[in-house]
> 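Here's a structure for you.
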Amino acid sequence: MMGSTDSSGIALSVHNAHGALNIVHTRLPFRYGNARLVACPHLVVKAEVHADGRRAEAVAADNLPPLWFDKDASKSYPQQIDEQIRVVRWALEPLEGATGSGFRLWQEVQAHVYAKVRAAGWPDLLAAFGVSMAERLMWDGLGRVLGRGFHEMVRCNLFGVDLAALDPSLKGVDISDVIPQGPASTVWARHTVGLADPIYDREIEPGDAVLDGLPQSLAACLAFYGYRFIKIKLSNNLESDLERLAQITEVMLEAEAAQGQGVTIRCTLDGNEQYSEVAELEELVAKMAEHERVRRMGERILFFEQPFARDRALNSEGLRGFAVFTQRFPVIIDESDATVQSYSEALKLGYRGTSHKNCKGIVKSLLNLGRHRVHEREGGLGLIMSGEDLTNLGPVALVQDLAVAAALGIEHVERNGHHFFQGMRHVAPQDADAALERHGRLFERRGEIRTVCIRNGQMDARGLTGPGLGDAVIPNVATWSGWEDFDAATLM
């Protein structure tokens, strides 16, 4: 018997959690929705996790982006950062001194954070982020104490997850059955094409060129990394979107020809909450089919991601004709997946999938995969769990997110941190070098930048089965700002 258990999980406790922040700068601006990102704080949270009579240091990390968790444009970026930090600190409050299975503690964190966030009038998605940081610490620390990787922890249910406690329709669905028998050894990288990104090198103004040896335009990225999957941001400006899609289609076909016979590049279209009704999507796909240069892209679309604003995406009154549309072109939720109930509501409306992001929660993704199993058993249309990110960076966030994605069996994952940011320059050189040494298949050195390694469009995940969430290198943050005295106004 391995230690004491609670709800069939290993009892654990979390102590001395603390956070530190450092500013990371982009290598080129990144536009999504109404945001234009050139710098943001990177948050690292550490804690001591006790379990089975032992203890280990645990870590979780993420960027703090503007206008994603909260789309309220009236809030300044410093205010948004302060609120993101606050919800993470709220999530850690119930953990100090408490003991229980990871799942039971996660439930307590959930109740605590969502109550405080709703009382403050903030969005549920922000609450999900705070909960996710506490959850990541528990998964990571438990795995490091026990010497177990994430996939093994799920298959043996060491966290004690009870799916039926979250959704009674999943009674009888065992947590070990919702993920593959083994984690994926490789994961395809899906490259994001932002609204302001150059398609060809010739479009780059001399003053905007990034001279670091890494590609900048879409055409250069496809040639350099050998991508087979791309994600295209849409603006819901039909004329400009069609022209941009025509250029991207041209580049995709050129890359397919260059990569060799039998290569097909697939794409996803990210509406970024810019659409107000189904008719706008129907018009887009109709015009794409009529457009001589864009028609070929229509054959390559895997799904649309979160086209509708989160405040109406799960409102049936605004989705007339949606179920018919999604039979032809699957639509998934992303920002709307803000609570453990959200995806169940989405499926009833005709959505065909959701996204996994560590920042939205790991238990939630396991729950959603359980819903997939029930849906498949009942003969429903095939469902999608995509992998998306918020410009994840090593040595922690990228490793942990990819380790979970590989364990969940996600085939391709949006990866853009290495493209829009400067690798691991936000951590000390010795920590970046340690990440290269520990995860030599996943990271590589390109000039002065230590960055993710992508070969023929794929990332090697074989080294991510180590203890915790991928056995990420824990960086030294002694010179960073503690979250008690971090001044978000420095970004203005």
Side-chain angles (χ1 to χ4, degrees), residues 17 19 21 32-37 40-45 60-96 105-137 166 272-274 306 308-315 333-346 354-365 367 388-391 397 483-492:
L21 298 105
Y32 54 95
N34 295 318
R36 182 178 183 272
L37 187 66
C40 71
H42 187 79
L43 170 65
V44 170
V45 182
D62 233 320
N63 285 342
L64 304 183
L67 295 173
W68 194 80
F69 296 111
D70 190 339
K71 291 277 177 115
D72 186 350
S74 69
K75 293 182 179 180
S76 68
Y77 188 18
Q79 182 180 355
Q80 293 180 55
I81 294 169
D82 287 339
E83 291 175 1
Q84 289 175 50
I85 295 172
R86 194 176 306 178
V87 297
V88 175
R89 299 186 71 176
W90 283 345
L92 296 170
E93 288 174 352
L95 292 183
E96 190 66 40
L105 294 177
W106 172 84
Q107 287 178 298
E108 294 177 3
V109 170
Q110 278 262 121
H112 180 75
V113 176
Y114 276 83
K116 293 183 78 73
V117 163
R118 289 170 178 173
W122 302 344
D124 283 346
L125 191 62
L126 188 57
F129 172 62
V131 174
S132 83
M133 291 294 279
E135 181 189 2
R136 281 179 264 181
L137 282 174
L166 302 174
N272 260 125
E273 303 187 73
Q274 300 298 305
Q306 191 73 38
F308 308 118
R310 67 191 72 173
D311 61 353
R312 61 192 306 162
L314 300 182
N315 184 343
I333 58 170
D334 182 35
E335 289 93 334
S336 289
D337 190 11
T339 72
V340 293
Q341 295 85 24
S342 299
Y343 189 40
S344 182
E345 297 170 18
T354 186
S355 63
H356 167 75
K357 296 178 177 177
N358 275 3
C359 70
K360 291 198 305 176
I362 297 169
V363 168
K364 187 196 299 179
S365 287
L367 172 67
E388 315 297 327
D389 79 8
L390 286 176
T391 59
W483 54 13
E484 301 88 352
D485 53 13
F486 177 73
D487 184 6
T490 58
L491 280 168
M492 300 298 287

> Whether Lys71 and Asp311 form a salt bridge (side-chain N of Lys/Arg under 4.0 Å from carboxylate O of Asp/Glu) is what I want to check.
no
> Between CD of Gln84 and CE of Met133, what distance do you get to the nearest 0.5 Å?
10.0 Å
> Find the distance between OH (Tyr114) and CG (Leu126) and round it off to the nearest 0.5 Å.
9.5 Å
> Would you confirm whether Gln110, through its side chain, and Thr339, through its main-chain N or O, come within 3.5 Å as a donor-acceptor pair?
no
> Can you tell me how far the OH atom of Tyr77 sits from the CG atom of Leu64, to the nearest 0.5 Å?
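The CG atom of Leu64 is 6.5 Å from OH of Tyr77, to the nearest 0.5 Å.
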> Check whether the side chains of Lys360 and Ser132 place a donor and an acceptor atom closer than 3.5 Å, and report yes or no.
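There is no such pair (donor and acceptor under 3.5 Å, judged by atom type) between the side chains of Lys360 and Ser132.
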> Would you mind reporting whether Asn272 and Gln306 have side-chain heavy atoms less than 4.5 Å apart?
no
> Does any part of the side chain of Leu43, heavy atoms only, come nearer than 4.5 Å to the side chain of Phe486, both counted from C-beta?
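No - every pair of side-chain heavy atoms lies 4.5 Å or more apart.
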> How long is the span from the CG atom in Leu21 to the CG atom in Asp487, to the nearest 0.5 Å?
11.5 Å
> Taking Glu135 for the side chain and Trp106 for the main chain, is one N or O donor matched with an acceptor at less than 3.5 Å?
no
> Return the set of residues passing salt bridge (charged side-chain N to carboxylate O under 4.0 Å, His left out) with Glu108 (not counting sequence neighbours), or none when no residue passes.
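Result, salt bridge (charged side-chain N to carboxylate O under 4.0 Å, His left out) vs Glu108: Arg104.
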> State plainly whether the residues Arg136 and Asp62 are in salt-bridge range, i.e. N to O under 4.0 Å.
yes
> Who are the salt bridge (charged side-chain N to carboxylate O under 4.0 Å, His left out) partners of Lys357, not counting sequence neighbours?
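For Lys357, the residues satisfying salt bridge (charged side-chain N to carboxylate O under 4.0 Å, His left out) (neighbours in sequence not counted) are Asp334.
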> Please check if the side chain of Glu345 supplies one atom and the backbone of Leu314 the other of a donor-acceptor pair under 3.5 Å.
no
> Is Glu273 close to Phe308 at the side-chain level, that is, under 4.5 Å between some pair of heavy atoms?
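No, every pair of side-chain atoms sits at 4.5 Å or beyond.
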> Run the salt bridge (charged side-chain N to carboxylate O under 4.0 Å, His left out) test against Asp70 and tell me which residues pass, sequence neighbours left out.
Lys75
> If we ignore angles and hydrogens, is there a donor and acceptor under 3.5 Å between the side chains of Glu83 and Gln79?
yes
> Kindly compute the distance separating CG (Leu92) from NE2 (His112), expressed to the nearest 0.5 Å.
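Separation between the atoms: 9.5 Å.
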> Under a 3.5 Å threshold, yes or no: a donor from one side chain and an acceptor from the other, between Glu388 and His356?
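Not at all, the side chains of Glu388 and His356 share no donor-acceptor pair under 3.5 Å.
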> Quick one about Thr354 and Asp337 (side-chain donor to acceptor, distance below 3.5 Å, no hydrogens or angles considered), yes or no?
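Checked: Asp337/Thr354 side chains pair up, N/O donor to acceptor below 3.5 Å.
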> Is there side-chain contact between Val117 and Trp90, with at least one heavy-atom pair below 4.5 Å?
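A side-chain contact under 4.5 Å exists here.
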